[in-house]
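Comments concern the structure below.
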Amino acid sequence: MQPEWMAPWLWTLILAVVKTIVVIAFVSLNAAVLIWLERKVSGHMQNRVGPLRVGGPAGILQSVADIIKLLAKEDFVPQRGDRWIWWLAPSVAFAPAFLVFWVLPFGPHLVVEDFNVGLIFITAVTSFTLLSIFMAGWGSNDKYSLIGAMRAGAQLFSYEIPMAMALVAVALATGTLNLTAIVEKQRHMWLIVPQILAFLVFYISSVAELNRTPFDLAEAESELVAGYHTEYSGIRWSMFFFAEYTNLLTSSALAAILFLGGWHGPWLPGWAWLLIKTYLLVFVGMWIRWTLPRVRIDQLMDLGWKFLLPVSLVNIAATGLYLVVVR
Amino acid sequence: MSGAWLAFAALTGMVLYSGYKVVTSPLITHAALYLATALVGVAGFFLMLESEFLAVVQVLVYVGAVMTVIIFAIMLSDVPALQGDPQATLVSRLLSRRFGSVPALVSAGVLALVLIGYGSVRWAAAPLGGAPEAVHPLLHDTTAQGSTGVIGRALFTTYLVPFEVASLLLLAAMVGAIVLTRRERGAAEKAAAGKAGAGAAAAAPAVEGAAEERGGAQFWP
């Protein structure tokens, strides 16, 4: 594919730019679809009327109107904030959501970058989220933002550990860290069957890490205005929003890839199966959000440290024992 | 000039500049963020050496764990107290024990240790972006999954004892942290009772304490 006259590094650079544009386009489209889906799901579940003026078929134009509104809004900058940190935080928030996408395999050869250590790569890049939350909370120079950032940080930190432990069990069971290879191992049996505990721990932790209800203490409107992004408006605020929806998509896609057999399925092409499984999990995430009330902070910490972490450790021990004894 | 040279120059500039800013930033929050940048830059070096496992673990451990702890420490502490005397000059700052001489001595010691370590190992010389002259025999192991397998195997065979000692050390540190931060149940309640008892009737805090004892069952205290 590479033309003769081109230096290899230039070719790599061009490929990287093209791949980035493709991923950003997909992620943007997904965010618009998810905003629409969230409105629909919440409207039907809580039996309430959504926005009515901008209709289109099934209210699909509302997302477009929202995007135009957010782009055109005034960009308010807090006067006494830490300007640079405040300014960079939304980009840092979006980067991990977007980077995870690079290693997700949509088919046997349909992956942006077939990374050998994809599983650790995911846990590594998601750790930038905490940095962005801290930057937003600190840079805003506002008590609500700082308290929200503290809460979000504590929450992320507490649920990152059980999540990583669940991933360790996956790596043990499949014997690889490469996501494509992990899906390949599930040809005959989905990993959710032997690793049901890991799946539950992973899914609960990923919902908790998204800071969505019932785990939305970090942006509890009734107490903290909007948490760490209180001082953001317009396009910068929408970057955080964008990151949240992309994270919802990537964590669902990851659960589908690791536990639900990824692209495996009859009749339909692989990428279609993965998208179906992913959006099914996205729907479950929205279902959880619109039916459960917010948990208290002590319940949140208890669930993470006293329940999910021991369960995932027991799961690792059991998986290891199985590997040693049976094989 | 090749792409590898450009990437190397950019990474080196990033790491050196952020390292400089870590030491000279007047605000400790800025220093923490520059430290994170420098550590990510080091992960870039590992990637350039085609050691993807080390690169990813570098980010995971340093940005994911160490930076998290540093950031929490900053958010929970009194930032002006960490800054020291704002009127201090460079010389007086270097002479002060807490902000200058002791940290400088410790850093110099660690640097010397690292340099001695580097000096005692014979490194395989390789031109930038080219193949190494001599490859370590472990790297010829085709059964392993790239650098991950090599490191994993070495960690659990050759370096098993240092690995276990390091984990014991971390465990001891963890126990120490719990001991340091653990508050006696009775002491905390007594302190609360003392505060409340100054104005209110002595019976009220006792009732509150009893409600707390029952755990989270009671929604409204």
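Note that the structure is predicted; figures quoted are calculated from it, not measured. Chain identifiers are assigned alphabetically (A, B, ...) following the order of the sequence lines, protein sequences preceding nucleic acid strands; residue numbering begins at 1 within each chain. Note: hydrogens, waters and symmetry copies are ignored here, and every other heavy atom, side chains too, is used.
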The reported gap from CH2 in A:W138 to NE2 in B:H30 (rounded to nearest 0.5 angstrom) is 7.5 Å
| query | For B:Y62, does the OH atom have more than 12 heavy-atom neighbours from other residues, nucleotides or ligands under 6.0 Å away? | reply | no
A quick test of your reading: do over 12 heavy atoms of other residues, nucleotides or ligands sit less than 6.0 Å from CH2 of A:W84?
no
In terms of heavy-atom pairs under 4.5 Å with chain B, the winner among A:I120, A:L13, A:L146 is A:I120
If one checks every heavy atom of B:V40 against chain A at 4.5 Å, the contacting part turns out to be side chain
So, the part of A:A154 with a heavy atom under 4.5 Å from chain B: the answer is both
Distance col, row B:E52:CD vs A:F121:CZ, nearest 0.5 angstrom, shows 10.5 Å
Here the pair of heavy atoms bringing A:S127 nearest to B:G64 is CB-CA, 3.3 Å
Result for side-chain contact (heavy atoms from CB on, under 4.5 Å) between B:L60 and one of A:T123, A:I122, A:V125 points to A:T123
Output for pair (B:I71 CD1, A:F157 CZ), nearest 0.5 Å, gives 11.0 Å
Turns out that what part of A:L130 lies under 4.5 Å from chain B's heavy atoms comes down to side chain
Assert top hit (heavy-atom pairs under 4.5 Å, partner chain A, pool B:L33, B:V61, B:V57) equals B:L33
